[in-house]
Amino acid sequence: MSQLDQLPDKDPEELAEWRASLDGALRAVGPDRTGHLLRHLLDHAHRHGVRLPALLETPYINTVPTAEEPGYPGDEAMEARITAWNRWNAAAMVTRGNQRGGLGGHMATFASAAWLYEVGFQHFFRGKGSADGGSGDQLYIQGHASPGVYARAFLDGRLTEAHLDRFRQEAAGGPVPGLPSYPHPRRLPWLWEFPTVSMGLGPLSAIYQARFNRYLTHRGIKDTSSSHVWAFLGDGEMDEPESTAALALAGREQLDNLTFVINCNLQRLDGPVRANFKIVQELEAQFRAAGWNVVKTLWGADWDPLLAADADGALVRRLTEVSDGQLQTYAGRDGGYIREHFFGADPALRALADRYSDADLARVVGTSRGGHEPRKVHAAYRAAVEHRGAPTVILVQTVKGWTLGPGFEARNANHQMKKLTGREFRAMRDLLELPIPDSALGDELVPYAHPGPDSPEVRYLQERRAALGGPAPERRVVPHPLPQPADKAFDALKKGSGSQEIATTMAFVRLVKDLMRDKETGRRWVPVVPDEARTFGMESLFPSAGIYSPRGQTYDPVDRDQLLYYKEAEDGQILNEGITEAGSVASFTAAATAYATHGEPMIPFYIFYAMFGFQRTGDQFWALGDQLGRGFVVGATAGRTTMTGEGLQHADGHSQLLASANPACLPYDPAFAYEVAVIVRDGLRRMYGETPEDVFYYLTVYNETKVQPPMPQVPGIEEDIVRGLYRYRPAEAGVPADAPRVQLLASGTAVHWVLQAQQLLQEEWGVAADVWSAPSWTMLRREAMDSEREGRTPHVTRALSGAPGPVVAVSDWMRTVPDQIRPWVEQEWLSLGTDGFGLSDSRENARRYFGVDAGSVTTAVLGLLARRGEVKPEVPREAARRYGTAG
């Protein structure tokens, strides 16, 4: 029995007749022909509105038949000349760099994909000056194809020869900036918008960018309906988990403003992508299953006569069964080899091949690919932008290294091949029909080639870009400072919590909830949460702000009768991303860069659980810094020992160290609610004020409830909080003047431990201790390094200057975190931290285990004083016995 047999059928006789008809077809024409008939019937049913699951694979031929290709809207001969100039200059730029300095670079990727970009630039990619006043299109350029984009900008007059000669040479500075190796917005901020060369992040980011475009429209921030997101990817890149991590999101939310163009040249960096299989068919099934529209552009026009003559389907069957590794071989072998190995196994195929010479077979089977023909590419792009109700992926087949000569084309090593010889350039010149004399093509530096600023090619190119809204890619930032919120929301935290105990996580959430009510900027806050909002006490935002859903709420929520019910809305403000840290960072990035992408500054905060932020997605945070993102990242349950009972894979004692390595990240570890208020206010000023900075803030806050004190009324305290160090509580009066002294520095929740230790030291051991709060060890270090370069005294040195006794630094982080400032502390130094793996236990036992609880801090201080001769040797032993700590 089949699965369907368990369902009743109202007309079993009719069903039996259909089955008998199919049995008859199988007997008469066999399974291949029967399958062909069924595919046609299924396609016919879909066209007439019959809802059936789609096939996951279609035949290994073009989706758009030649007869259905729209008329080409441009001058093909002119565009071929433009593409030839770009191909030449891309190869020349990389070759010249390697002839002079061995600078690396990639030639084969753009060579295979040149028409994929050129057709888009000439006819599809909208610039930021579009007549509708929108944001233009967002282009995620494949990183290894960057030389081709530079070459086109050179032809367009946006770059000069001097720029091209500084490819991968950025350190020297000067009037002509160097060109970064790949799309790096931070290095070339007027050109690149999106960093993509950390493979896998481009496709993930593109999906969330398209989704965020819809979010802006639905929330009434900006109409982005005319913007289209294009992501150019490699077939090998699709092996990265991030490349396919959000395909279902794009399909589920029907993001028809998104197109993936996957260049299937069948090669990754070292060899075939799927040597024994077929990557195109694999990807088609994967994308179709996720709800995408799939357009395959595999074969050039030379294949049309062959396919038209394939009456019994033998050619399509052969194309389907040939592995990618073998297909790559055909691109590098002669026609005789192809005749024998591709056509020789079937009499029907041999008859087809008899119509062609060996040279013709080499041209058609070996190298005629859809991605090398502008009409084929244009038809695919047109099908993508006109499709409604789903995102589109275009699987386009090319030959890697196309036009670079037989030494490059389809060779396994071509990704590592960095230059052409003079002979190879002459062959390329002839193939591209460029007017470059032999005298310019010796063994010296190959010349750049340009038809002239007033040439027909340049005029055509510039006219096409003007019609599409200006240059692309282009990053454009229009100053848009946001008014600073009123004092009221911040003052509430500065006053403290009275007798109520609240965690700094809750303090942050309360602050943002108040800031989201601000009439001027409240709607610009974008809460990004990976399915832990209730853990962070954010459920109060559900009914007031709403959870973004492009379909609104199509069901009656189970908790609808409760005050804090789960409310989804088309104009919802919260991005509740589900259990995906990678997706959450991609979503945060789209919001954090909206000030440039759309000219609309947004204030995102991404709040995550335990170590799952920086540890899991550090590469994305690096890309966020490259993309010049702005916003707040919040580790909402921080610390190695604060996560009661959660154990090794949750206990975060190192994200502050990971964050310190990111130059765009400003990491803070606030101890009190008022520090949170001061830091957030500083972030709003620095990132969204009159002179905004391209940084993002990282705050680690804790789920340990404490009474939150009011902010001390000390001159300059807010500035010192932002700098990273201030004295919170000096030693109490009444300690003899000759008593031993110590300076206790701590951050985050550890401040509470050292406050207890301060009391123990004074009351039980007669030691006077000053307690300092260090909201940011990293900011102290960075300021100290800047001060050294500029001949100033660092803040940490000034603050501790003259403070009596040694310095003991304590945190819920590994000791390397506070040790960052050791070189600038004049006093003897000791740090205590939570090095090692986390463990499951109570907070008290975990802190005792790591030696950072109040008793352990007290014992460590007394041991240090004993070594200095300031207390008797037996004192630390007695303290260890009394507190049950390590002596």
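- Annotation: side chain of R369 is in contact with side chain of W303 (closest heavy-atom distance under 4.5 Å).
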Under 3.5 Å, side-chain donor or acceptor atoms of residues 309-323 against the rest of the protein: list the pairs with distances, not counting sequence neighbours.
| unit_1 | atom_1 | unit_2 | atom_2 | d |
| --- | --- | --- | --- | --- |
| D310 | OD1 | G313 | N | 3.3 |
| D310 | OD1 | A314 | N | 2.8 |
| D310 | OD1 | L315 | N | 2.9 |
| D310 | OD2 | L315 | N | 3.1 |
| D310 | OD2 | V316 | N | 3.2 |
| D312 | OD1 | A314 | N | 3.2 |
| R317 | NH1 | D312 | O | 3.0 |
| R318 | NE | F342 | O | 2.9 |
| R318 | NH1 | E321 | OE2 | 3.0 |
| R318 | NH2 | H341 | O | 2.6 |
| T320 | OG1 | V316 | O | 2.8 |
| S323 | OG | A275 | O | 3.1 |
| S323 | OG | Q326 | N | 3.4 |

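- Under the side chain to side chain contact (heavy atoms under 4.5 Å, CB included) criterion, S587 pairs with Y208, R211, V528, L575, E577, sequence neighbours left out.
- Salt bridge R616/E581: present, at least one basic N to carboxylate O contact under 4.0 Å.
- In this structure, the side chain to side chain donor-acceptor pair (under 3.5 Å) partners of T398, at least two apart in sequence or on a different chain, are N263.
- Contact of the R355 side chain with the P305 side chain is not registered, since no non-hydrogen atoms from C-beta on lie closer than 4.5 Å.
- Other residues, nucleotides and ligands contribute more than 12 heavy atoms inside 6.0 Å of the CZ atom of R350.
- Ion pairing between a basic and an acidic side chain is recognised when a charged N comes within 4.0 Å of a carboxylate O; E284 and K296 show such pairing.
- Partner D132 forms a side-chain hydrogen bond (donor to acceptor under 3.5 Å, both in side chains) with one of S225, S226, S227 and no other, that one being S226.
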Residues 22-29 side chain polar contacts: donor-acceptor under 3.5 Å, at least two apart:
none

| request: Step by step, work out the side chain to side chain contact (heavy atoms under 4.5 Å, CB included) result for T637 and Y609. | output: CA-CA 6 Å; T637 45; Y609 187 76; 3.4 Å; yes
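- For T224, the side chain to side chain donor-acceptor pair (under 3.5 Å) partners two or more places apart in sequence, or in a different chain, are T217.
- Every residue meeting the side chain to side chain donor-acceptor pair (under 3.5 Å) condition with H228, not counting sequence neighbours, appears here in chain and number order: T259.
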| message | Pair T297, I394 - check side chain to side chain contact (heavy atoms under 4.5 Å, CB included), show working. | response | CA-CA 7 Å; T297 301; I394 299 172; 4.2 Å; yes
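- Remark: I579 CD1 is loosely packed, at most 12 non-hydrogen atoms of other residues, nucleotides or ligands lying under 6.0 Å away.
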| Passes side chain to side chain donor-acceptor pair (under 3.5 Å), N213 versus Q209? Steps please. | CA-CA 6 Å; N213 290 359; Q209 181 66 59; 3.0 Å; yes
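- Between K376 and T66 there is a side-chain heavy-atom pair separated by less than 4.5 Å.
- Residue L563 qualifies as open at atom CG: its count of foreign heavy atoms under 6.0 Å is 12 or below.
- For D11, the side chain to side chain contact (heavy atoms under 4.5 Å, CB included) test picks out D9, E13, E14, with sequence neighbours left out.
- With sequence neighbours excluded, the residues forming a side chain to side chain contact (heavy atoms under 4.5 Å, CB included) with E68 are V64, P65, listed by chain and number.
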Listing, residues 378-393 side-chain donor-acceptor contacts under 3.5 Å, not counting sequence neighbours, or none:
| unit_1 | atom_1 | unit_2 | atom_2 | d |
| --- | --- | --- | --- | --- |
| Y381 | OH | L116 | O | 2.6 |
| R388 | NH1 | V385 | O | 2.8 |
| T392 | OG1 | N293 | ND2 | 3.0 |

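- No side-chain heavy atom of W299 sits less than 4.5 Å from a side-chain heavy atom of L306.
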| field | From CA spacing to verdict: salt bridge (charged side-chain N to carboxylate O under 4.0 Å, His left out), E600, R524 | value | CA-CA 9 Å; E600 294 288 346; R524 296 189 177 274; 3.0 Å; yes
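- The CG atom of L266 lies 10.5 Å from the NZ atom of K400; values are rounded to the nearest 0.5 Å.
- With a 4.5 Å cut-off on side-chain heavy atoms, M602 and L216 count as touching.
- Listed by first then second residue, pairs satisfying side chain to side chain donor-acceptor pair (under 3.5 Å) with a partner in residues 534-547 read K513-S540, E532-T535, not counting sequence neighbours.
- R523 places no side-chain N or O within donor-acceptor distance of the main-chain N or O of R219, the cut-off being under 3.5 Å.
- Legend: residues meeting side chain to side chain contact (heavy atoms under 4.5 Å, CB included) with V558, ordered by chain and number and at least two apart, are absent.
- Y72 OH: more than 12 foreign heavy atoms inside a 6.0 Å radius.
- Salt-bridge formation is detected for the pair R47/D43: a Lys NZ or Arg NE/NH1/NH2 atom is positioned less than 4.0 Å from an Asp or Glu carboxylate oxygen.
- Between F194 and T597 there is a side-chain heavy-atom pair separated by less than 4.5 Å.
- Side chains of R274 and D239 form a contact here, defined as non-hydrogen atoms less than 4.5 Å apart.
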| request: Begin with the C-alpha distance, continue with both residues' side-chain angles, and end with the deciding distance and a verdict on ring-ring contact (aromatic ring centres under 6.0 Å, His included) for H40 and H36. | output: CA-CA 6 Å; H40 273 275; H36 178 75; 4.5 Å; yes
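- Between V365 and F343 there is a side-chain heavy-atom pair separated by less than 4.5 Å.
- One distance of note links CD1 of I338 with OH of Y330; it measures 8.0 Å at 0.5 Å rounding.
- Every residue two or more places apart in sequence or in another chain that forms a side chain to side chain donor-acceptor pair (under 3.5 Å) with D360 is listed here: S357, R363.
- Taking the six-membered ring for Trp and the full ring otherwise, F536 and F605 have centroids separated by 6.0 Å or more.
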| task | Would you sort out whether Q138 and F212 count as a side chain to side chain contact (heavy atoms under 4.5 Å, CB included), showing the intermediate values? | result | CA-CA 12 Å; Q138 288 79 56; F212 190 73; over 6 Å; no
| Candidate pair Y566 and Q553, rule side chain to side chain donor-acceptor pair (under 3.5 Å), full reasoning | CA-CA 10 Å; Y566 195 86; Q553 194 156 34; over 6 Å; no
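- Interatomic distance, CG of L298 versus OG of S368, reported as 11.0 Å (0.5 Å rounding).
- Using modelled atom types, no side-chain atom of W230 and backbone atom of V261 make a donor-acceptor pair closer than 3.5 Å.
- A side-chain contact (heavy atoms from CB on, under 4.5 Å) with V529 is found for exactly one of I607, L541, I547, namely I607.
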| Taking it one step at a time, do F125 and L468 satisfy side chain to side chain contact (heavy atoms under 4.5 Å, CB included)? | CA-CA 7 Å; F125 303 158; L468 289 167; 5.7 Å; no
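- Smallest separation of non-hydrogen atoms from G366 and V399: O-CG2, 4.2 Å.
- Side-chain N/O atoms of Q397 and Y60 include a donor and acceptor closer than 3.5 Å.
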